[in-house]
Amino acid sequence: MKKLQQTRIRIWFLIHCILSILYLSASASPTTSPLCNNGLKVEHPYMTSDVTEVEGKSFNYIIIGGGACGCPLAATLSEKFSVLVIERGDSPYGHPTILERNKFGYPLVETNKYTSVAQEFVSLDGVLNYRGRVLGGSTAINSGFYSRASDAFNKKMGWDEKMVKQAYEWVESKVVSAPETLSPWQSVVLDGLLEAGVLPFNGYTLEHVQGTKLSGTIFDVLGKRHTAADLLGGGNPKNIVVLLNATVSKVFFHHDEDKAGDKPSAKGVKFIKSDDDTKKSHKVYLKKQENSSLPRGEVILTAGALSSPQILMLSGIGPSKHLQTFNISVLADLKSVGNRMQDNPAISLLVDSKPKSRTPDTPQVTGITENFKVILESIIVPVSKDLTRVSIAGKLAFPASTGTLELKNKDPRENPLVKFNYLSKDEDMEYCVKIHQLVEGVSMSEAVSVYLGRERSRLEKLGKEESKEYCKKNVSTFYHYHGGCTIGEVVDKDYNVYGIKGLRVMDGSTLVESPGTNPMGTLMMLGRYQGLKIVQGRSSS
Ligand SMILES: Cc1cc2nc3c(=O)[nH]c(=O)nc-3n(C[C@H](O)[C@H](O)[C@H](O)COP(=O)(O)OP(=O)(O)OC[C@H]3O[C@@H](n4cnc5c(N)ncnc54)[C@H](O)[C@@H]3O)c2cc1C
Ligand SMILES: *[C@@H]1O[C@H](CO)[C@@H](O)[C@H](O)[C@H]1NC(C)=O
Ligand SMILES: *[C@@H]1O[C@H](CO)[C@@H](O)[C@H](O)[C@H]1NC(C)=O
Ligand SMILES: *[C@@H]1O[C@H](CO)[C@@H](O)[C@H](O)[C@H]1NC(C)=O
Ligand SMILES: *[C@@H]1O[C@H](CO)[C@@H](O)[C@H](O)[C@H]1NC(C)=O
């Protein structure tokens, strides 16, 4: 039975490879291949880190944070409007640890406080976590696994099916590739998942379907990473200016000009040079519409689930009591800012007996099981500058536990305080035990044992109570944390901040629930989708 299954997969994969080779050679121009961007030349917008080139200027849109959501949004808005993207980090181009698949994971072991492309943070739960600090955001440091969200998720969000599909395709044509072959380790993981009963095998698909599948990746067949920054050229790059190495410290508002009783309206943004300790701040403004019957420009926060709530609070939008302890004058007492922080609890087993020098490996194969509630993946990840470990891991897709985010101080470069309360709800703990058992199942599979041979770690099957203990001690993360500016509490369904004019938030912080699958695809799609809605809305008004 097992043999038969494996033979079937091998044959499937062989056919898939032949077909994709035929397909690739048949398509004369690289742009006709929807899933392969190799050789595609990316046009970049103007980028500078010289604050004097931007200071005092004005733009139709100011996008704070050039990450998964911010870049496609900026590109889309640039088709009609002038756009400034302010990014606290450097450009990703020219960083081999970002761009090369065989250097995957190295940014995470080379962090420092203010300048490294990955920023480390430890939640108050004690779990080590990371976020991108570079143009492209966390897509520049992540594992590159690409998948669309399920139809059920799109329905829940109330999104237009056809527009969602088009937005996904726009993103995919620019940054997503299909795996041409599986790495030796990913083939072993594929066999291990099937052996552990994560069925059916769905072959290669970008859709979020139950069972075991191969998915897309932002690494192309030459092993080069395509970050969200590559999407910036997808509109009219001449309308975009990217200011690098500049950290936004707050959004400021029109007070005097607005009639009493009117909502405060965003006027511009204050920022500092990211490496400047003098805290000298600079200002940039929203363009005034010459035609007063047209809406004013907007500031859009796309700084990710940690920074977006942090910047709102620093701007005086948040729970008033908390803001007052930092002497921040309150503009809007929006109590839900920083609420509903979530991270998907994860369990990972190291299946090699000891750290070793190997080429890192990114996930290509995934197991989606337990009625979509559990996601299994595996990577070979650096643990130091020259050693790696082999990890098989699972995450809970929809945790019930939620946490909170608060300011630690007023420095926008520092991490806020965040607590996810992993496994605090009983049902999450029940699932964690289940995940531990599933990960054990894959780890102890014949495929994994045969492949690792003597390098395999000694694993003992744990009982339920022991599994619980393991969960308590060893809960970790897939880095899919979200929340803090959720839809319905902080922003409305068009991502406008409640009670404020000209200010939206659009990124992982707005998710009330994780998209189930790895979130990057959904967040890049969201930037495109909402960008189009803004452009359409303005041309019809
Ligand atoms: C290690 C790791 C592995 C992951 N693996 C995967 C994976 O394989 N597949 C997947 O789908 N997802 C993965 N993810 C998750 C995914 O990358 C994130 O969910 C996604 O990038 C979040 O998008 P975002 O737009 O909310 O924020 P981000 O992409 O993080 O973008 C936020 C941007 O804002 C900038 N910024 C923040 N504060 C400021 C400020 N004050 N001023 C100016 N700029 C600011 C940041 O530097 C950053 O560029 C991973 C994440 C990590 C960290
Ligand atoms: C941004 O800052 C980093 C770290 O200080 C530096 O290495 C890099 O050259 C800067 N980038 C630009 C475009 O100035
Ligand atoms: C201002 O915009 C409105 C609505 O688009 C348009 O009808 C009007 O002609 C514009 N006026 C000027 C002076 O451009
Ligand atoms: C807030 O202001 C008060 C009075 O000016 C001062 O005593 C206090 O130290 C300030 N607190 C912070 C956190 O800056
Ligand atoms: C799990 O946690 C324990 C206790 O903190 C630690 O000793 C052990 O190394 C951890 N195991 C893994 C696989 O991380």
Side-chain angles (χ1 to χ4, degrees), residues 47-50 63-73 85-95 104-105 107-108 112 114-121 129-149 215-219 227-229 242-250 269 271-275 301-308 310-311 314 324-328 362-364 366 377 379 381 407 409-413 415 477-482 484-485 505-511 514-515 517-524 526-527:
M47 300 189 194
T48 178
S49 62
D50 181 355
I63 309 282
I64 304 176
C69 203
C71 289
L73 175 66
V85 177
I86 306 181
E87 167 54 48
R88 63 185 183 148
D90 195 12
S91 152
Y93 307 105
H95 283 265
F104 155 68
L108 306 193
N112 61 36
Y114 293 122
T115 61
S116 54
V117 297
Q119 182 180 21
E120 193 177 298
F121 69 95
N129 216 320
Y130 296 92
R131 54 185 183 135
R133 179 167 48 199
V134 59
L135 189 67
S138 295
T139 71
I141 61 161
N142 73 12
S143 316
F145 181 95
Y146 179 92
S147 176
R148 295 181 182 183
S215 206
T217 169
I218 56 174
F219 292 98
T227 74
V242 179
L243 178 63
L244 297 167
N245 284 350
T247 301
V248 168
S249 44
K250 67 185 286 188
V269 156
F271 58 89
I272 59 170
K273 284 170 78 165
S274 297
D275 62 359
L301 269 165
T302 53
L306 258 59
S307 282
S308 285
Q310 179 188 28
I311 296 168
L314 292 175
Q324 278 152 6
T325 57
F326 291 95
N327 288 344
I328 296 171
T362 55
Q364 252 337 182
T366 187
E377 281 161 22
I379 54 178
V381 62
L407 295 175
N409 52 39
K410 283 161 80 168
D411 188 340
R413 301 178 304 165
N415 290 312
T477 177
F478 265 40
Y479 317 105
H480 298 168
Y481 48 85
H482 54 275
C485 302
V505 182
M506 219 179 271
D507 57 24
S509 72
T510 64
L511 295 174
S514 123
T517 178
N518 305 42
M520 148 175 79
T522 309
L523 291 169
M524 290 193 288
L526 180 69

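Quantities reported herein were computed from a predicted structural model and do not represent experimental measurements. Indexing begins at 1, ligand by ligand and atom by atom, following the structure's order. Hydrogens, waters and symmetry mates are skipped; everything else that's a heavy atom, side chains included, is used.
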Considering Ser249, Ser307, Ala305, which one's heavy-atom position lies nearest to atom 37 (C) of ligand 1?
-> Ser307
Proximal atoms of ligand 4 relative to Thr325 (non-hydrogen, under 4.0 Å) | 13 (C)
Run the numbers for me: atoms of ligand 1, each under 4.0 Å from some heavy atom of Thr302, listed by number.
-> 32 (C), 33 (C), 34 (O)
Please work out whether any backbone atom (N, CA, C, O) or any side-chain heavy atom from C-beta onward of Gln310 is under 4.0 Å from ligand 1, and answer side chain, backbone, both or neither.
-> neither
Would you call Arg413-Asp411 a salt bridge at under 4.0 Å N-O?
-> yes
Which residues satisfy the side chain to side chain contact (heavy atoms under 4.5 Å, CB included) test with Ser308, sequence neighbours excluded?
-> Leu301, Ala303, Cys485, Val505, Asp507, Ser509
Close approach of Gly144 to ligand 1, heavy atoms, under 4.0 angstrom | yes
If you compare Gly508, Pro107, Ala228, Cys69 by their heavy atoms, the one closest to atom 25 (O) of ligand 1 turns out to be Cys69
Quick one: does Phe145 get an N or O within less than 3.5 Å of an N or O on ligand 1?
-> yes
Geometric N/O contact Val134 with ligand 1, under 3.5 angstrom | yes
Give yes if a backbone or side-chain nitrogen or oxygen of Glu87 is under 3.5 Å from a nitrogen or oxygen of ligand 1, and no if not.
-> yes
In ligand 4, the atoms that come under 4.0 Å of a heavy atom of Asn327 are 1 (C), 2 (O), 3 (C), 8 (C), 10 (C), 11 (N), 12 (C), 14 (O)
